[in-house]
2 protein chains.
Amino acid sequence: MRKFEDSLPLQLLKAREASMALFRPLLQDNNVTEQQWRVLRALKAFDELESKQLAEHCCILSPSLTGIIKRLEQQGYIKRKKSDEDQRRTLLSLTDKALDLFERLSPDVETQYQAFTKLYGEEKLEQLTKLLKELAELKV
Amino acid sequence: MRKFEDSLPLQLLKAREASMALFRPLLQDNNVTEQQWRVLRALKAFDELESKQLAEHCCILSPSLTGIIKRLEQQGYIKRKKSDEDQRRTLLSLTDKALDLFERLSPDVETQYQAFTKLYGEEKLEQLTKLLKELAELKV
DNA sequence: ATGAATTAGTTTAGATATTAAGAATAAACA
DNA sequence: TGTTTATTCTTAATATCTAAACTAATTCAT
């Protein structure tokens, strides 16, 4: 069997930890968890999403999302409404408070990203992105 | 700010999900969680480890490891003993039952890895591994 | 030698992951 | 039309993550 350190899932996990180390302090200062931030970013990108779509975009399972949405709603960052056509579906979108949060955080996030890109190398980042995308799209 | 889908941490997360999809069924059939499997593999690679070293190798924080070790011990997969020189340290190692588990699982794990390597491409896998390693070692 | 830092490991509290099962609504279909 | 089947979302149970505080054992400077 493959050597422990050569395990691809482990390598991906460690790389992810390293990349998140850049942003974790920023999020923590604003009392937003990593998953909450992922949800907020997805909603900002798509304006309005159903819970199921949101789960797919964020790579979060529905049961987890139920709780995350509940807490984000309590904190006033997102609002929900029932779909008119299909009463099973819930439509989610950002509040103004969430947009304000983006205004506050974006500059620092961008700064961190720039610093990282410079440190790691722009071409290498592009290569990596390409390889990761192909891996993620692999249907096994 | 960077587009949602271009987020590196998200890309790494999705790639990891894709790669774990190969092995999750195997682990589930044997009632071992992903994290437990990581711990077992690390102990197999290093024979004997302290809790703290184990945490670093597996990318698991100490508080999580406390519970994981407790359950693995209850299941009879690992044994612990106190260090003689330093009573704070705990030394961990595998039991015969764990070694049996490896005997049973290794062939299937290997098969899955081969299939994946062939599907994704050996050179690409090497490239990816290299890029991930450099990323993980980046001191930010 | 002794009291202040350090260190390994645990506990706690709240949030999330994972699987399975349940509730409500909608679609399919005899 | 009435029943089955599918889909969306939630609940439940257990395991893990994350940050912070805590205990016990060791080290270190004075």
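Per chain, numbering begins at 1; letters A, B, ... match sequence-line order. Small disclaimer: the values here were computed from a predicted structure and weren't measured.
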Novice: If you pin G67(B) and Q87(B) to their nearest nucleotides in DNA chain D, which one's is more 5'?
Specialist: G67(B)
Novice: Can D100(A) and K97(A) be said to form a salt bridge (Lys or Arg N to Asp or Glu O under 4.0 Å), step by step?
Specialist: CA-CA 5 Å; D100(A) 288 345; K97(A) 181 178 176 186; over 6 Å; no
Novice: Whole Å only: how far is the CG atom of L54(A) from the P atom of dT8(D)?
Specialist: 14 Å
Novice: Please work out whether the ring planes of F116(B) and Y113(B) are parallel, tilted or perpendicular, with thresholds of 30° and 60°.
Specialist: perpendicular
Novice: Counting just side-chain N and O atoms, does Q28(A) come under 4.0 Å of either OP1 or OP2 of dA20(D)?
Specialist: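 Looking at the OP1 and OP2 atoms of dA20(D), one of them is under 4.0 Å from a side-chain N or O of Q28(A).
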Novice: How does protein contact run along nucleotides 4-15 of chain C, one letter per nucleotide 5' to 3', with B for base contact, S for sugar-phosphate only, - for none, heavy atoms under 4.0 Å?
Specialist: ---BSSBB---S
Novice: Rounded to the nearest Å, what distance is computed from the CG atom of residue L61(A) to the C1' atom of nucleotide dA13(D)?
Specialist: 15 Å
Novice: Can you check the L27(B) CG to dA17(C) C1' distance for me, whole Å?
Specialist: 15 Å
Novice: Whole-Å distance between dT26(D) C1' and D84(B) CG?
Specialist: 15 Å
Novice: Nearest 0.5 Å, please: how far is NE2 in H57(A) from CZ in F46(A)?
Specialist: 3.5 Å
Novice: Any chance NZ of K124(B) has more than 12 other-residue heavy atoms, nucleotides or ligands included, within less than 6.0 Å?
Specialist: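 Check passes, neighbour count above 12.
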Novice: Which pair of heavy atoms, one from E5(B) and one from L10(B), lies closest together, and at what distance?
Specialist: CA-CD2, 4.5 Å
Novice: Is the closest side-chain donor-acceptor distance between E110(A) and Q114(A) under 3.5 Å?
Specialist: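 Looking only at side-chain atoms, Q114(A) and E110(A) do form a donor-acceptor pair, the distance falling under 3.5 Å.
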